[in-house]
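Structure first, then comments.
For clarity, every value in this text was computed on a predicted model and none was experimentally measured. Naming: A, B, ... by sequence-line order, numbering from 1 per chain. Heavy-atom basis, side chains included; hydrogens, waters and symmetry copies ignored.
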Protein chains: 2
Amino acid sequence: MAQLPTVDDVAERAGVSRQTVSNVLNSPGIVREGTRLRVESAIAELGYRPHASARRLRTRQSSTIGVRLDPISNGISGSVLDRYLHALTEQADARGMRIMLFTAVDEDDEIRHYERLRDGADVDAFVLTGTRYDDPRIEWLARERMPFVAFGRPWGSAPLDDPERLWVDVDGQAGLRMATEHLIGRGHRRIGYLGWPAGSGTGDDRRRGWELAMASAFGSTAEDLAGLATETDEGVPTARRAIETLVRTRDDLEALVCASDSLALGAMMAVREAGMPHFPVFGFDNTPVAQAVGLSSVDQRLADVASGTFELLMGATGRRVLPHGFPAGDDPRHRLITPQLVVRRSSHLEPVEEAGGTTSGDHEPTEKEQST
Amino acid sequence: MAQLPTVDDVAERAGVSRQTVSNVLNSPGIVREGTRLRVESAIAELGYRPHASARRLRTRQSSTIGVRLDPISNGISGSVLDRYLHALTEQADARGMRIMLFTAVDEDDEIRHYERLRDGADVDAFVLTGTRYDDPRIEWLARERMPFVAFGRPWGSAPLDDPERLWVDVDGQAGLRMATEHLIGRGHRRIGYLGWPAGSGTGDDRRRGWELAMASAFGSTAEDLAGLATETDEGVPTARRAIETLVRTRDDLEALVCASDSLALGAMMAVREAGMPHFPVFGFDNTPVAQAVGLSSVDQRLADVASGTFELLMGATGRRVLPHGFPAGDDPRHRLITPQLVVRRSSHLEPVEEAGGTTSGDHEPTEKEQST
DNA sequence: CCGGGAAGTTTGAACGATCAAATCTTCGGT
DNA sequence: ACCGAAGATTTGATCGTTCAAACTTCCCGG
């Protein structure tokens, strides 16, 4: 073949005009059935495919969503973003959209990329990750009226239901509450919490889930809780040292829930070294590592997060990005996804037979689940 | 502003024609200096940015590279591809290129996506990962003369230096040889190998590195080596069981090198349970998990792999993708990257003080290195 | 002072699609 | 049968850029 076929080639073959071919593709409803079939078979015979750039130029839409790939995959939890990215890509495929990546060294650089990608009409919208208090990126996007959705609540000064700030997030509070209640159901009372220093919205929210579960089951006071909680920066070695200290000072501790799998992994290592190989530990994120080492965890349901992202961007079934600030109908401006417990060996008191198979190869959190 | 400025707006402001503005942007050399400066300041004043879709339509280039995001991030080693993707995105930025993602359920589906993305002029080239023996994707791309580079040698029937099959890979053989020699240098002799079943090009290549190191240091025969090697499918639990067996039958084993971090992690768990907390173990991939738990490993230098990918696609400094089968000049059609040892606690006999800091927060393999 | 060629710049067309408006068909109601 | 409106299809213009060729300007040697 000399050249790729165009709408004109298809039109000629089907004995209709350009525009009719275009209509068959974009608004099949307004074309008479006979014509439509004729055009469709011409398309099939010629193997015609619309030229994406030409369409984008004319429609002024790129059907592309920009995502920044963070500079450093942050330790073992970094895989959360990677899995989210994967789920996003699948959703994008289903909606006729594409995901374009870019990198940036810091937030200002990221904003410069926003400008460049917007002005070049490269992307219709952005998806943000790793949001923080009063994130300047969100401010910029809202001010410029650029469509976007943040993965992670925009904790900060603006109200969470601000219609200009769309977000999707995982209900970490519910997740930790579920994990804690699971342990309570297995008969534990003195359940500790290992989290990050106060001040990160995400971390504070997760801790609150543990606190609520403890308070509602045992009426624990703030003092009780403070004695059972430890805070440390993210990382396996830091968690390990923190728990080594904790188990020395609190030898009545029966179990532990953690704000992340990294922390939980460090904690697991510490309790095993301390001669308590079956001390129950719960992580958060359900990373591949948790799966590999048999760590119970809380799965973020990233597929649901991704489909929520697209619902906010494009409406329930829309094929194009909605203008900034105008989600379809009365849709709420956010999605809060309830995560799912994944119970593995690490949260059982008794040793688990080594037969294996229960934790190998599986990827979906189906081993044993408990919702809400 | 009502509308984004176009070349015409810039041209009017600078008192020149469209095409001159275009020339300033694309071939500054042919424009007289005075004119160029005038146009450049008009561009700056108006904040003009070329419209990417219009340019792509006219030039018939998308300046975009397609990458398939694998359906399942394969366990803890999945992060290798994620980090490669990140390195690719950075390189792309530097070359004025973009990375577009797509997903596919299998190889045939992936090929259908190739067709769609090519015919829609969405991408100029593809980057393949996870290649296997006689990979049908490579055959299709070569037959269709679509530019591409594979990360991973196209092990199989075609010769490795086939000019139609460009590839970049990490020299796994050198990596395992380095790891083995490092252990030999520390005085070990009976060094075992834990790898995958024979038949995967990558696995066989890595094993060969261990064999060569052993043979050249101790003159080990094939029989000696067979007794020291174990094979199992990828995965932490499988590795753990395999090593539990191995240490029972070979109580003279002194150290272990593995084909992946997953295997190494399982091995570490097994030897620790067996009461040998300081048994030296080496992994491969330098995943975040290895870093987190202090596992010595072999780093793939993914930044070098990514820049090699772009050198093959676009030439040393080119700004556009080269046609299929015609790399610039006499460049070899491939890049074989030598990996780098990252030595951590897991390969030391003596316990390491718990002070930490040596393995926390770092990301680059700088803790202690040894090249070739 | 003119011819010729290189260097610099402009003009018209094209890339492949969709939008907006014009034209042609179909069909029901009187 | 005829009219009008709704339905279906076609035509002309346009999105913003670069290509190819035409045109201008400039410089130099004869």
Side-chain angles (χ1 to χ4, degrees), chain A residues 1-40 42-43 46-63 96 116 118-122 124 319-320, chain B residues 1-40 42-43 46-63 96 116 118-122 124 319-320:
Chain A
M1 85 193 84
Q3 186 101 3
L4 248 40
T6 73
V7 268
D8 286 301
D9 299 321
V10 176
E12 192 182 15
R13 175 129 188 169
V16 297
S17 71
R18 268 183 330 218
Q19 184 61 34
T20 300
V21 177
S22 174
N23 287 336
V24 169
L25 258 35
N26 301 307
S27 347
I30 70 169
V31 177
R32 204 194 318 236
E33 164 133 18
T35 320
R36 207 194 66 227
L37 294 172
R38 207 145 25 93
V39 171
E40 280 168 351
I43 289 177
L46 295 176
Y48 165 77
R49 278 178 228 270
H51 192 286
S53 293
R55 170 179 281 172
R56 290 204 262 261
L57 170 59
R58 183 61 234 209
T59 61
R60 313 184 125 283
Q61 300 191 104
S62 62
S63 299
R116 184 174 59 81
R118 178 198 54 179
D119 293 347
D122 269 306
D124 295 337
R319 304 284 298 179
R320 57 183 54 188
Chain B
M1 85 193 87
Q3 186 104 1
L4 249 38
T6 73
V7 269
D8 285 302
D9 299 319
V10 176
E12 193 182 16
R13 175 127 186 171
V16 298
S17 72
R18 272 191 324 243
Q19 184 62 35
T20 300
V21 176
S22 174
N23 287 336
V24 168
L25 258 35
N26 300 309
S27 345
I30 70 169
V31 177
R32 203 191 319 235
E33 164 134 18
T35 320
R36 207 193 66 226
L37 294 173
R38 206 143 28 94
V39 171
E40 279 169 351
I43 288 177
L46 295 176
Y48 165 79
R49 276 177 229 272
H51 192 286
S53 293
R55 170 178 281 172
R56 290 204 261 262
L57 171 58
R58 184 60 235 207
T59 60
R60 313 182 128 285
Q61 298 189 42
S62 62
S63 299
R116 184 174 59 80
R118 178 198 54 179
D119 293 348
D122 269 306
D124 295 337
R319 304 285 297 180
R320 59 184 50 188

Whole-Å distance, A/R49 CZ to C/dA17 P, equals 13 Å

Can you give each donor-acceptor pair under 3.5 Å made by side-chain atoms of residues 4-13 of chain A, sequence neighbours left out, with the distance rounded to 0.1 Å?
{"unit_1": "A/T6", "atom_1": "OG1", "unit_2": "A/D8", "atom_2": "N", "d": "3.2"}
{"unit_1": "A/D9", "atom_1": "OD2", "unit_2": "A/T6", "atom_2": "N", "d": "2.8"}
{"unit_1": "A/R13", "atom_1": "NE", "unit_2": "A/E45", "atom_2": "OE1", "d": "2.7"}
{"unit_1": "A/R13", "atom_1": "NH2", "unit_2": "A/E45", "atom_2": "OE1", "d": "2.6"}

Going by side chain to side chain donor-acceptor pair (under 3.5 Å), name the pairs with one or both residues in residues 27-39 of chain A, residues two or more places apart or in two chains. A/R36-A/E40

Pick base, sugar-phosphate or nothing for B/R36, based on heavy-atom distances below 4.0 Å to the nucleic acid. nothing

First contact, last contact: which nucleotides of DNA chain D are these for chain B, 5' to 3', heavy-atom distance under 4.0 Å? D/dG16 to D/dA20

Closest non-hydrogen atoms of A/A121 and A/S62, given as atom of the first, atom of the second and distance, are O-CB, 3.5 Å

Can you list everything that forms a side chain to side chain donor-acceptor pair (under 3.5 Å) with A/Q61? Sequence neighbours excluded, please. none

Mind checking what makes side chain to side chain donor-acceptor pair (under 3.5 Å) contact with B/T20, not counting sequence neighbours? B/S17

Would you indicate what B/N26 reaches in the nucleic acid, counting non-hydrogen atoms under 4.0 angstrom: base, sugar-phosphate, or nothing? sugar-phosphate

Separation of atom NE2 in A/H51 from atom P in C/dC15, rounded to whole Å: 11 Å

Pairs under 3.5 angstrom, nitrogen or oxygen only, protein versus nucleotides 8-13 of chain C, please.
{"unit_1": "C/dG8", "atom_1": "O3'", "unit_2": "B/R32", "atom_2": "NH2", "d": "3.4"}
{"unit_1": "C/dT9", "atom_1": "OP1", "unit_2": "B/T35", "atom_2": "OG1", "d": "2.4"}
{"unit_1": "C/dT9", "atom_1": "OP2", "unit_2": "B/R32", "atom_2": "N", "d": "3.1"}
{"unit_1": "C/dT10", "atom_1": "OP2", "unit_2": "B/S17", "atom_2": "N", "d": "2.9"}
{"unit_1": "C/dT10", "atom_1": "OP2", "unit_2": "B/S17", "atom_2": "OG", "d": "3.0"}
{"unit_1": "C/dT10", "atom_1": "OP2", "unit_2": "B/T20", "atom_2": "OG1", "d": "2.7"}
{"unit_1": "C/dG12", "atom_1": "N7", "unit_2": "B/R18", "atom_2": "NH2", "d": "2.9"}
{"unit_1": "C/dG12", "atom_1": "O6", "unit_2": "B/R18", "atom_2": "NH2", "d": "2.8"}

B/R320 meets the side chain to side chain donor-acceptor pair (under 3.5 Å) criterion, sequence neighbours left out, with none

How close or far is atom P of C/dA17 from atom CG of B/D119, stated in whole angstroms? 11 Å

Partner residues of B/R49 under the side chain to side chain donor-acceptor pair (under 3.5 Å) criterion, sequence neighbours left out: A/D119

Using salt bridge (Lys or Arg N to Asp or Glu O under 4.0 Å) as the criterion, list what pairs up with A/D122, not counting sequence neighbours. B/R56, B/R98

